[in-house]
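Working notes, beginning with the structure itself.
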Amino acid sequence: MQVVKDKIVSIEYHLTDPAGVVLDSSRGREPLNYLHGAGNIIPGLESALTGKSVDDQLIVHIEPKLAYGEKNPAMVQAVPRAAFKGVDPITPGMQFQSQGPNGQVQVVTVLNVDDAEVTIDVNHPLAGVTLTFDVTVKAVRDATAEELEHGHVHGPGGHHH
Ligand code: ZN
């Protein structure tokens, strides 16, 4: 069975940045299951997997625009140090989770700290990064009507509700 729209696909993946640093990996864990063609995974990886079959292995390099986007300079901001009351010490490189404008979880990275202000970056941590995925297709099955309606996979490795 081929990877096409509306199939549930299981993949093993190993994700590295251009310096070879491992960013994420399913090795030693269960494969990732997702609904193909529903935007569950980044566009560059989804299109690279289209038409593949079980046991196919591929190595894909994905430009930021087909991954987590380019860095947006407007998302680097200086905020008063008082906004971080209770966080002591606050140092460059620290990361916090906060709620974005649409209620989504966003990662805030501290870039710089001085007496008055903290410079933060709310770009996705992988924005601007070219990603290399080493991916193997482990299984492909038809999605259920309910999965198609919800736009995501159910059961092991997926949503439970
Ligand atoms: Zn659901």
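Along the sequence shown, residues carry numbers from 1. Source: prediction; values computed, not measured. Both counts, for ligands and for their atoms, begin at 1 and track the order of listing.
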### Message
Do Thr50 and His36 pair up side chain to side chain, a donor and an acceptor below 3.5 Å, judged on atom types alone?
### Response
yes
### Query
Would a 4.5 Å heavy-atom cut-off, applied to side chains only, mark Lys52 and Val140 as touching?
no
### Task
List the steps and the verdict of side chain to side chain donor-acceptor pair (under 3.5 Å) for Thr109 and Gln95.
CA-CA 4 Å; Thr109 305; Gln95 291 190 322; 3.0 Å; yes
#### Entry: the Zn ion (ligand 1) - number of protein N/O/S atoms closer than 2.8 Å
4
### Task
Look at the side-chain heavy atoms of Ile, Leu, Val, Met, Phe, Trp and Tyr, link any pair under 4.5 Å apart, and say whether Val153 and Tyr13 land in one connected group.
no
### Message
Quick test of your reading of the model: are Asp114 and Arg81 salt-bridged, counting only N-O distances below 4.0 Å?
### Response
no
### Message
I'd like to know if Lys138 pairs up with Asp56 as an ion pair, taking the criterion as any Lys NZ or Arg NE/NH1/NH2 lying under 4.0 Å from an Asp or Glu carboxylate oxygen.
### Response
no
